[in-house]
Amino acid sequence: MIYLVFIPIIIAVLVYLSHNKFFTKVSLSVSILELFLIIYLIKKTISTGPFEVIVGEWSPIVGISIRLDLLNGILLLVTSTLFLLVMYHSLKRWDEDYKFYFFLHFLRGSVYGLIIANDFFNMFLFIEIISLISAILIIYKKDGESLKAGIYYLLFNSIGMIFYLIGLIIIYSKTGTMAMSSLSTLEMDAITKVGIALFIASAGVKSAYFPVYNWLPRAHMAAPSGISALLSGILVKMGFISSIKIFRLIDYSLYSDYLLSIGLITAFLGLIFAISQENLKGILAFHTVSQSGLILIGISQHDIIFQGGFLHLINHAFFKSLLFLSAGLIINKYNMRNVKELKGVFKRLPIISITLIIGMLSITGAPFTSGFISKTLIKVGFHNFELMQWLLHLFNIGTFVSFIKISQIFFGVSHNEKIKESFSETIPVILLSLILLGVGISEYIYYYRIIDFKIVTSIGIYLIYGVISYSIYRLFIEKDLKLMKKLRNFRLGFRDANLLLISFVILTILFI
Amino acid sequence: MYNILLAFVLLLIGMYSLVIAKNIIMSLISFNVIQAAVIMLFLDITSLDKSEVPIILHHVHDMVDPLPQAMMLTTIVVGSAITALILMMSIKIFHYFGTLDWKEIIERNI
């Protein structure tokens with residue numbers, strides 16, 4: 001199973017050494033083979049159950065252990081699919097550039113490594129490699145904006161990972177081993193709790209929880225659109241993946257309330273900032289923050305809500321990358337980013353507009369789409385928590401408002417005759433929207449017997465959301481109030497971000 | 001014991017300078033200081049008193065746990081890679097903006 005990490009890395013090195021245009025294209029087909037390999041591994045885990053391997057047959061105390069179960073397998077499948085589509089999407093723009101593909105293949109290998117890693121130190125190492133490579137990919141355009149975002153991202157994330165290292169020290173000095181399974185035997189006294197709190201806080205930096213979300217919109221706005229799709233589809237999820245791995249072993253009901261409140265604040269603030277933005281990618285980037293909050297609300301709880309959160313993690317990976325790829329195509333064609341300046345997209349680029357609409361339907365939770373299933377699972381889980389229901393309705397309306405803002409680009413007339421779409425470049429977004437619809441329907445069929453979805457009521461509620469948010473948009477958002485301008489131009493300096501990071505870590509330790 | 005105390009002092013110095021740093025290079029140095037402090041803390045906590053170097057010889061009985069040492073070596077390598085990349089980026093940023101001050105760089109729109 002360790003070859004799963006090394007195949008992409010070896011391909012990366014071959015691509016770099018050959019620097020041949022043809023070989024770069026061939027390397028994509030190898031990742032299709034990888035996809036089949038992962039499907040085979042998932043089949044194997046379904047029939048024989050999860051399996052653990054110690055690399056080099058050392059004793060489990062000192063060895064590097066890797067583990068594959070159904071949850072990891074699904075994450076591997078999502079990662080592999082998204083990377084394949086993004087690589088295909090980038091083929092046109094970065095065709096000549098073998099170095100770009102070197103980094104993409106390498107990044108894929110290290111993401112696989114993180115997903116199957118089963119000890120704390122390897123997780124740390126893979127997260128650091130991912131930060132390094134994604135920083136290089138963020139600054140790939142080499143303009144001022146992306147350099148700024150890249151240095152902010154790399155430095156801030158590395159400082160966040162230092163806290164992970166401190167947590168590692170605490171756990172190691174208690175157990176004397178790095179193996180993750182040692183955590184389940186550990187007694188939950190004060191020092192262990194501090195260690196786990198540090199792990200959770202550093203995962204928060206990677207997944208952009210409330211006070212430490214600031215690197216994310218910058219990085220998303222500055223990166224090439226394929227990389228933004230990967231960033232919010234997979235790399236932001238790394239923090240959640242490491243949290244889930246820890247949560248599986250301990251009783252985390254201790255942390256539930258704290259993480260729930262952090263998730264609520266994150267979801268709310270992300271929405272407020274998203275509504276105030278005018279940059280197309282900016283709106284999507286702040287939406288990633290808000291959806292992160294929603295996923296956090298899900299995975300901090302148990303049973304059905306946890307399932308909803310995990311499904312939302314996967315669905316969000318698909319629909320947000322679809323939105324970013326479509327938005328990237330539109331931005332490249334028009335060569336502008338402002339929502340108010342983009343006009344008449346539907347007439348000029350019909351296929352891309354349809355895929356964008358499918359993504360928007362999913363993220364707002366239209367019935368039968370994948371976003372609907374996971375949001376409903378979370379809502380059903382909180383059925384005896386009145387306030388939570390209203391807050392979830394509020395978040396949905398906020399999401400709706402910001403996507404009504406984006407949908408204004410479809411109307412109007414564009415006088416630029418040169419803007420045309422060719423079928424070959426829309427293949428990845430078409431495939432992604434088909435996958436998204438398929439995922440939604442299969443999730444619906446799976447959960448159909450367990451949960452009463454109340455389809456008619458939900459369609460009614462969805463229409464009511466539409467009416468309310470359209471009137472909010474007409475009444476407040478379109479006028480572009482002063483507050484909005486202030487929020488849009490709000491920029492947090494690096495020093496303040498660090499202060500917030502340190503206070504976030506201290507708060508996490510104190511609250512738990 | 002003194003080493004642990006020293007590591008904590010270094011950690012606090014690093015965090016303080018991270019909060020007050022105005023310059024990219026200053027932030028980078030404080031990151032390195034924090035990392036050095038953490039590495040020192042780890043090595044000191046995991047090595048027992050009066051224990052010997054982890055090389056297997058005939059008469060060595062209580063040797064230091066070798067695993068943390070290997071891991072901290074790896075951490076140092078990762079840290080140096082990050083430092084190198086950030087230095088490279090800061091050179092580019094200086095060419096682009098003519099300054100390394102966080103405030104000016106963040107607030108300027110290009």
Side-chain angles (χ1 to χ4, degrees), chain A residues 61-63 119-122 124-125 127-129 131-133 135-136 138-139 142-159 161-170 172-173 176-178 214 218 489 491-503 505-506, chain B residues 7 11 14-24 26-28 30-32 34-35 37-39 41-46 65-68 70-72 74-75 77-79 81-97 100-110:
Chain A
I61 300 173
V62 291
D119 57 309
F120 290 119
F121 191 69
N122 274 306
F124 168 76
L125 217 57
I127 290 178
E128 289 283 37
I129 296 172
S131 308
L132 264 176
I133 299 176
I136 296 171
I138 288 169
I139 61 165
K142 295 194 188 82
D143 55 357
E145 194 67 38
S146 63
L147 279 168
K148 226 159 67 173
I151 202 163
Y152 197 101
Y153 168 80
L154 184 58
L155 207 48
F156 195 67
N157 275 278
S158 318
I159 293 163
M161 284 318 283
I162 294 261
F163 293 105
Y164 186 94
L165 211 56
I166 300 175
L168 198 86
I169 296 175
I170 292 170
Y172 188 83
S173 61
T177 168
M178 282 296 155
N214 221 276
R218 270 171 211 286
N489 295 323
R491 280 184 175 73
L492 198 63
F494 192 69
R495 286 189 285 171
D496 308 327
N498 279 323
L499 191 60
L500 281 176
L501 168 63
I502 292 170
S503 35
V505 172
I506 293 170
Chain B
L11 199 66
M15 289 200 183
Y16 179 69
S17 62
L18 207 57
V19 173
I20 62 158
K22 285 181 184 166
N23 191 296
I24 291 178
M26 175 88 166
S27 300
L28 179 63
S30 30
F31 161 68
N32 283 341
I34 296 177
Q35 200 173 35
V38 170
I39 289 168
L41 189 67
F42 200 2
L43 291 182
D44 206 70
I45 285 179
T46 51
D65 187 358
L67 199 60
M71 288 189 305
M72 286 305 110
T74 320
T75 311
V77 172
V78 170
I82 288 172
T83 309
L85 189 58
I86 289 177
L87 283 176
M88 187 279 284
M89 282 190 206
S90 51
I91 292 172
K92 289 255 177 198
I93 282 184
F94 191 78
H95 283 315
Y96 218 94
F97 295 93
L100 283 177
D101 194 295
W102 276 115
K103 209 175 171 192
E104 282 189 38
I105 293 169
I106 299 281
E107 281 170 4
R108 200 179 295 178
N109 269 329
I110 286 189

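Every chain is numbered from 1 and lettered A, B, ... according to where its sequence line falls, protein lines coming before strand lines.
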* By a 4.5 Å heavy-atom criterion (distance strictly below it), what part of Leu132(A) contacts chain B: side chain, backbone, both, or neither? -> both
* Structure fact -> Looking only at Ile162(A), Leu492(A), Leu499(A), most heavy-atom pairs under 4.5 Å shared with chain B are made by Ile162(A)
* Asked: Looking at CD1 of Ile170(A) and CD1 of Ile45(B), how far apart are the two atoms once the value is rounded to the nearest 0.5 Å?
  -> 8.0 Å
* Shortest non-hydrogen separation from Met71(B) to Phe121(A) and the atoms involved -> O-CZ, 3.2 Å
* Just how far is it from atom OG1 of Thr83(B) to atom CG of Leu155(A), taken to the nearest 0.5 Å? -> 9.0 Å
* Asked: Checking heavy atoms, do the side chain of Ala21(B), its backbone, both or neither come under 4.5 Å from chain A?
  -> backbone
* **chain A interface, residue from Leu85(B), Val78(B), Ile34(B) that has the most non-hydrogen pairs under 4.5 Å** => Leu85(B)
* Nearest 0.5 Å please: distance from the CE atom of Met15(B) over to the CD1 atom of Ile506(A). => 7.5 Å
* **Residue among Lys142(A), Met161(A), Met178(A) with most heavy-atom pairs under 4.5 Å to chain B** => Met178(A)
* Just how far is it from atom CD1 of Ile91(B) to atom CG of Leu147(A), taken to the nearest 0.5 Å? -> 11.5 Å
* Any idea which of Leu18(B), Leu11(B), Thr75(B) has the most non-hydrogen atom pairs under 4.5 angstrom with chain A? -> Leu18(B)
* **Contacting region of Phe163(A) [heavy-atom separation from chain B under 4.5 Å]** => side chain
* Closest non-hydrogen atom pair, Ile138(A) against Ser146(A) -> O-CB, 3.5 Å
* Asked: What do the steps show when you test Phe97(B) against Lys148(A) for side-chain contact (heavy atoms from CB on, under 4.5 Å), and what is the final call?
  -> CA-CA 10 Å; Phe97(B) 295 93; Lys148(A) 226 159 67 173; 3.8 Å; yes
* Which portion of Asp496(A) sits near chain B, non-hydrogen atoms under 4.5 angstrom -> neither
* Under 4.5 Å, counting heavy-atom pairs only, tell me which of Ala149(A), Ser158(A), Ser173(A), Ala497(A) racks up the most with chain B. => Ser158(A)
* **Toward chain A, the part of Ile39(B) with a non-hydrogen atom under 4.5 Å** => neither
* Structure fact -> Interatomic distance, CZ@Arg495(A) vs CE@Met26(B), rounded to 0.5 Å, equals 10.0 Å
* Asked: Side chain, backbone, both or neither: which part of Ser90(B) has a non-hydrogen atom closer than 4.5 Å to chain A?
  -> both
* Asked: Side chain, backbone, both or neither: which part of Ile159(A) has a non-hydrogen atom closer than 4.5 Å to chain B?
  -> both
